[in-house]
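Along the sequence shown, residues carry numbers from 1. Computed from a predicted structure; not experimentally measured.
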Amino acid sequence: MGNSRGNTWSLKHKTFKPCQKEFWQFSFDEIGKYDVPAELYFIMNKTGQKDVYFVSHSEASAAGFIAFSTHPELAQRVKLFFALGPVATVTHATSLLVTLTRLPQPVIRLVLGCKGILRQNELLKRPLTWICRSLGKICGSILCYIAGDRIQNLNVSRIDTYVGHYPAGMSVQNVIHWHQLTRADQFQAYDYGSKENMKKYNQSMPPAYKIEKINIPIAVWSGGRDKFADPKDMAKLLPRITNLIYHEHFPAWGHLDFIWGLDATEKMYRKIIELLRKYP
């Protein structure tokens, strides 16, 4: 199980420290191009397995699409790609967090700076978990409002545990990247500006990721109330998946039901295990 760089459990670097802005110069672009391949090759080397399965939720699915469209030799070693509530474009996303990314880029930089955000704060963590232990339904309702879920499908007694671990931190550059995608209306690399793009990509505009070129069998689950992976964005993504072997849509699910939903085991996880057995 991978930790995205910049989160609570992934704050080490060979040359930079988290207090330096250079440490935070990454988005899901780098996670897909470098981190996912590094993680999967590490697993295969350690276990001796020749190939693996890739199960992802939300932004991790975006990283998977980047990894497997950029590294076809890695894609050949993935048996099956499970995408739960995958997010590639956020044109129609209605979550408050996505709405905030639609602010002008200079405003985002002014407010958030140029390093990391939403990192775990030990001073706040203890009182927050205590509050959510006492007022689980209120904390749960806030999470549901942000992600589109129904409080009835969340284990309210576990909300303090969720809040104690989530969110775990990301880079401001990651926020900027999502900001760019809300305007670009396509799944593309980070836009550094025409001059820097020429140096990095050898073209003035950031390249779009070619999801169509991924030939891995892909299984997708989507939610009708999902405020991040909106059904309209999903309708654009699904036709681009050339080897879609399974898709199931749950009209009542939001974005967190895929990982915390009380009915996730019966509705989805059992099917995932069935597909794992079908594609040995």
Side-chain angles (χ1 to χ4, degrees), residues 1-2 4 28-45 47 49-93 177 181 184-189 206-224 226 228-251 253 255 257-259 264-265 267-280:
M1 298 181 74
S4 294
F28 56 87
D29 231 349
E30 283 72 20
I31 293 170
K33 288 176 183 172
Y34 308 114
D35 300 1
V36 170
E39 288 173 5
L40 297 188
Y41 282 126
F42 177 86
I43 290 166
M44 287 183 274
N45 289 335
T47 62
Q49 296 295 317
K50 293 181 179 178
D51 36 35
V52 292
Y53 300 95
F54 186 77
V55 185
S56 60
H57 172 247
S58 190
E59 184 182 271
S61 299
F65 288 129
I66 292 170
F68 306 135
S69 62
T70 307
H71 303 283
E73 72 288 350
L74 173 65
Q76 289 176 5
R77 301 185 67 178
V78 176
K79 295 180 184 180
L80 190 54
F81 176 6
F82 299 89
L84 320 181
V87 182
T89 57
V90 285
T91 309
H92 301 284
H177 197 168
L181 295 196
D185 193 28
Q186 71 170 353
F187 189 46
Q188 64 182 34
Y209 288 111
K210 296 178 174 62
I211 294 173
E212 295 85 354
K213 287 193 172 183
I214 302 173
N215 56 15
I216 305 170
I218 300 178
V220 176
W221 283 264
S222 56
D226 196 326
F228 289 94
D230 185 273
K232 291 177 185 174
D233 287 312
M234 285 297 305
K236 290 180 64 178
L237 171 64
L238 291 170
R240 299 186 64 190
I241 300 174
T242 52
N243 197 3
L244 182 66
I245 56 113
Y246 185 84
H247 172 233
E248 190 161 4
H249 179 75
F250 299 121
W253 272 22
H255 199 59
D257 283 311
F258 300 98
I259 49 172
T265 299
K267 284 191 170 181
M268 183 180 66
Y269 292 146
R270 291 192 191 283
K271 185 64 183 182
I272 289 175
I273 293 170
E274 182 187 318
L275 289 169
L276 288 172
R277 289 173 176 153
K278 189 176 178 180
Y279 290 80

Pair Lys271 + Glu274, salt bridge at N-O below 4.0 Å: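 So Lys271 pairs with Glu274 through a salt bridge.
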Side chain to side chain, [X] and [Y], heavy atoms closer than 4.5 Å:
{"X": "Lys267", "Y": "Trp221", "value": "no"}
{"X": "Val87", "Y": "Glu59", "value": "no"}
{"X": "Lys236", "Y": "Asp185", "value": "yes"}
{"X": "Phe228", "Y": "Val90", "value": "no"}
{"X": "Val220", "Y": "Met234", "value": "yes"}
{"X": "Phe187", "Y": "Leu181", "value": "yes"}
{"X": "Val52", "Y": "Thr47", "value": "no"}
{"X": "Tyr246", "Y": "Leu275", "value": "yes"}

To the closest 0.5 Å, what do you measure between [atom1] ([X]) and [atom2] ([Y])?
{"X": "Arg77", "Y": "Lys50", "atom1": "CZ", "atom2": "NZ", "value": "9.0 Å"}
{"X": "Lys210", "Y": "Glu212", "atom1": "NZ", "atom2": "CD", "value": "9.0 Å"}
{"X": "Lys232", "Y": "Thr89", "atom1": "NZ", "atom2": "OG1", "value": "12.5 Å"}
{"X": "Tyr209", "Y": "Thr70", "atom1": "OH", "atom2": "OG1", "value": "5.5 Å"}
{"X": "Thr242", "Y": "Ile211", "atom1": "OG1", "atom2": "CD1", "value": "10.0 Å"}
{"X": "Asp51", "Y": "Tyr279", "atom1": "CG", "atom2": "OH", "value": "14.5 Å"}

Treating Asp233 as the side-chain partner and His92 as the backbone partner, does any N or O pair qualify as donor plus acceptor under 3.5 Å?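 Checking the backbone N and O of His92 against the side chain of Asp233, a donor-acceptor pair under 3.5 Å is found.
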Under 3.5 Å donor-acceptor, Ser58 side chain and Leu84 backbone: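 Absent.
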Minimal non-hydrogen separation, [X] against [Y], with atom names:
{"X": "Leu80", "Y": "Pro217", "value": "CD1-O, 3.1 Å"}
{"X": "Ser4", "Y": "Ile31", "value": "CB-CD1, 4.1 Å"}
{"X": "Pro86", "Y": "Ala229", "value": "O-CB, 3.2 Å"}
{"X": "Pro280", "Y": "Lys79", "value": "C-NZ, 3.3 Å"}
{"X": "Asp257", "Y": "Trp253", "value": "OD2-CA, 3.2 Å"}
{"X": "Asn243", "Y": "Asn215", "value": "ND2-O, 3.0 Å"}

According to the interplanar angle, ranging from 0 to 90°, do the rings of [X] and [Y] count as parallel (below 30°), tilted (30 to 60°) or perpendicular (above 60°)?
{"X": "His177", "Y": "Phe28", "value": "parallel"}
{"X": "His255", "Y": "Phe258", "value": "perpendicular"}
{"X": "Phe54", "Y": "Phe81", "value": "perpendicular"}

Take Phe65 and Ile241 through the test side-chain contact (heavy atoms from CB on, under 4.5 Å) and record every step on the way to the result. CA-CA 10 Å; Phe65 288 129; Ile241 300 174; 4.3 Å; yes
Above 12 or not: heavy atoms from other molecules or residues under 6.0 Å from OH of Tyr41?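 Correct, the count exceeds 12.
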Is the number of heavy atoms from other residues, nucleotides or ligands under 6.0 Å of Tyr53 OH greater than 12?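 Above 12, so yes.
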Quick one: do His249 and Ser222 satisfy side-chain contact (heavy atoms from CB on, under 4.5 Å)? Show the steps, please. CA-CA 5 Å; His249 179 75; Ser222 56; 2.8 Å; yes
